[in-house]
Protein chains: 2
Amino acid sequence: METTAPLGLRDKKRAETRAKLERVAVELVLRDGLAHATVDAISDAADVSPRTFFNYFDSKEDAILGVRNPELTDDEVAQHLAASDGGGLVESIVSLLLWVIEPSTTSSELHMSRMKVVKAHPELLSRHITQMTRMADQLTAGIQTLLEKDPRFEGDSPETLQPSADVLFALCTGGVRVAVKEWVTNGSAATQDQLANLDQLERRAIELVREVTKKIQ
Amino acid sequence: METTAPLGLRDKKRAETRAKLERVAVELVLRDGLAHATVDAISDAADVSPRTFFNYFDSKEDAILGVRNPELTDDEVAQHLAASDGGGLVESIVSLLLWVIEPSTTSSELHMSRMKVVKAHPELLSRHITQMTRMADQLTAGIQTLLEKDPRFEGDSPETLQPSADVLFALCTGGVRVAVKEWVTNGSAATQDQLANLDQLERRAIELVREVTKKIQ
DNA sequence: CTCAATTATTGCGCTTGCTGCAAAGTTTCG
DNA sequence: CGAAACTTTGCAGCAAGCGCAATAATTGAG
């Protein structure tokens, strides 16, 4: 599942440093607030120079949210979409989005802390969104090929061709966004098992999308 | 329609300064690129101190896009929604969103320049989105009351109650976003008459939303 | 093991965005 | 006119982020 080539001491250290920065960033934000958790402070607490910080992350927010610069490969996207195929379009796409948002490699504790951070500083949500749109092209490309493989849109008449991958993407993004927002605002119910949480989030996002598409005519 | 109390020389000057800043900001970005159009340069070209710049705008981007700090009043939102009522929900909401994005008071020339700017610097689009989400609470509140007045969702059974205003908002936001993106990327067709453009944009956004809701079951 | 190539870390200095504060200038209105 | 209200501005400061060049660590080949 993971392409973690178990190579070299070097990469190992690098991974550790990144992990430490992510962890410390979240900690400091929780303790001192977003504004007080400066890059200097974070780097300091991670025993690393501020300059090094920017070798790992493009911005403070990226560190806090655990966003990795090395963006997705097309293969990864295609693979994930293929894996969750069989269900509906919406299911596949929502799953993809949640996967992008959530660096699944993080520890569950870090994950929970991040939830708290986002709850305390909702501005960060827009960073999440930005991240999504940053990868939008890649993701919509993946969705596009998914659409092309979908038998449902094969022999359609011209005007009822495939729905635009862009729009689908936007719609699902909306669903995910709202699901996350709901889940962030409606208290800490079930914050223990974050795997169940993810699942729940996914279901809710799909439900929201469905709800709207049904109601609007 | 507008609450422009034609008061005082003071307010007049203020309006002029703001307009000048907006105009100059767009000009400089077009001429020198986004990075080179610094706050200093903009303020300079507008014969105003950099410090004053921030009395008018919260950020460089706000000036470029003509975003006004004094956010919307609930009344304005309600009024606009009421005005475009009668059509469908989607129509009303899309119209509202476009109205929020586009400060209608700007001159058409400035408007066109802004289009070019956005085309040349798509990063700015995310600012637009941010602005939308910034006002999300207010707008969804307005949508919520619109939903409550809608006879279509009145006597529904519990599980088929109103679709969440949040999700509707997200969906339409997605539609608008994609419409704008399309229109930005697909060349300069019809950039002459920007009123027609807005109309076209609105129609396209609605169409996109419809398209998706129909296709997905 | 040793040495050279590669890559990571760091310090330094700089630009830019943005804010608070208090002084000086304008506009308004009685 | 003259006081109150508001704007502009300079100054000083913080934090983000980048380019560069020196230093240090890791690696792989011999």
Side-chain angles (χ1 to χ4, degrees), chain A residues 5-22 24-26 28-29 31-65 67-70 121 123-124 126-127 130-131 134, chain B residues 5-22 24-26 28-29 31-65 67-70 121 123-124 126-127 130-131 134:
Chain A
L7 281 176
L9 193 155
R10 188 174 242 152
D11 299 300
K12 205 170 145 192
K13 267 197 170 181
R14 198 168 162 78
E16 262 169 29
T17 305
R18 174 156 51 210
K20 191 169 185 182
L21 278 171
E22 291 182 7
V24 160
V26 170
L28 285 197
V29 172
R31 232 196 29 197
D32 308 334
L34 186 57
H36 285 103
T38 66
V39 171
D40 279 10
I42 295 171
S43 320
D44 221 62
D47 303 309
V48 137
S49 94
R51 193 61 192 79
T52 296
F53 179 95
F54 288 105
N55 287 342
Y56 284 91
F57 301 99
D58 284 348
S59 71
K60 193 174 94 171
E61 283 84 356
D62 279 2
I64 296 168
L65 295 176
V67 175
R68 329 225 152 209
N69 307 1
H121 304 278
E123 319 89 271
L124 289 172
S126 82
R127 267 285 155 170
T130 302
Q131 196 205 340
R134 209 194 287 172
Chain B
L7 281 175
L9 193 157
R10 190 174 243 155
D11 299 298
K12 204 171 148 192
K13 266 195 169 180
R14 199 168 161 78
E16 263 169 28
T17 305
R18 174 156 50 211
K20 192 168 185 184
L21 278 171
E22 290 182 8
V24 160
V26 169
L28 286 197
V29 172
R31 229 195 32 198
D32 308 333
L34 187 56
H36 285 104
T38 66
V39 171
D40 279 8
I42 295 170
S43 320
D44 221 60
D47 303 307
V48 136
S49 94
R51 192 61 190 78
T52 296
F53 178 96
F54 289 106
N55 287 340
Y56 283 91
F57 301 99
D58 284 349
S59 70
K60 194 174 94 171
E61 283 84 355
D62 279 4
I64 295 167
L65 296 176
V67 174
R68 327 227 154 209
N69 306 2
H121 304 277
E123 320 88 273
L124 288 172
S126 80
R127 276 286 157 172
T130 302
Q131 198 202 341
R134 209 193 287 173

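In what follows, every chain begins at residue 1, and chains take the letters A, B, ... in the order their sequences are listed.
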(Q) For the OG1 atom of B:T52 and the CG atom of B:L21, what is their distance to the nearest 0.5 Å? (A) 8.5 Å
Q | Separation of atom CD1 in B:I42 from atom P in C:dC18, rounded to whole Å | A | 10 Å
Q.
Rounded to whole Å, how long is the line connecting atom CG of B:L34 with atom C1' of D:dG17?
A. 15 Å
Q: For B:L21 and D:dT7, give me the distance from atom CG to atom P, rounded to whole Å.
A: 15 Å
Q. Shortest non-hydrogen contact from A:H121 to A:L34?
A. CE1-N, 3.2 Å
(Q) Rounded to whole Å, how long is the line connecting atom CG of B:D40 with atom P of C:dC18? (A) 12 Å
Identify each atom pair where a protein N or O and an N or O of nucleotides 19-25 of chain C are less than 3.5 Å apart, giving names and distance.
{"residue": "C:dG20", "atom": "N7", "partner": "B:R51", "partner atom": "NH2", "Å": "2.8"}
{"residue": "C:dG20", "atom": "O6", "partner": "B:R51", "partner atom": "NE", "Å": "2.5"}

Q) Can you find a side chain N or O atom of A:R14 that sits less than 4.0 Å from OP1 or OP2 on C:dT9? A) yes
Q) Is the shortest side-chain N/O distance from B:Y56 to OP1 or OP2 of D:dT7 below 4.0 Å? A) no
Q: Scan for side-chain hydrogen bond (donor to acceptor under 3.5 Å, both in side chains) pairs involving residues 35-47 of chain A, sequence neighbours excluded, and state none if there are none.
A: A:K20-A:D47
(Q) Expressed as a whole number of angstroms, how long is the span from B:L28:CG to C:dT16:P? (A) 13 Å
Q: Report the residue (B:S49 or A:K60) whose heavy-atom-nearest nucleotide on DNA chain D is the more 5′ of the two.
A: B:S49
(Q) Looking at every non-hydrogen atom in both residues, tell me the closest pair between A:V24 and A:A45 and how far apart they are. (A) CG1-CB, 3.5 Å
Q: Could you pull out all residues at least two apart from A:R31 that satisfy side chain to side chain contact (heavy atoms under 4.5 Å, CB included)?
A: A:L28
Q. How close or far is atom P of C:dC18 from atom CG of B:N55, stated in whole angstroms?
A. 14 Å
Q. Which residues satisfy the side chain to side chain contact (heavy atoms under 4.5 Å, CB included) test with B:R14, sequence neighbours excluded?
A. B:Y56
(Q) What's A:T52 touching, base or sugar-phosphate or nothing? Going by heavy atoms closer than 4.0 Å. (A) base
Q | B:F53 CZ - D:dC11 P separation (whole Å) | A | 20 Å
Q | Phosphate-side-chain proximity, B:K13 and C:dT27, N/O vs OP1/OP2 below 4.0 Å | A | yes
Q | d(CD, B:E16; C1', D:dT7) in whole Å | A | 15 Å
Q. Atom CD in A:E22, atom CG in A:D62: separation rounded to 0.5 Å?
A. 10.0 Å
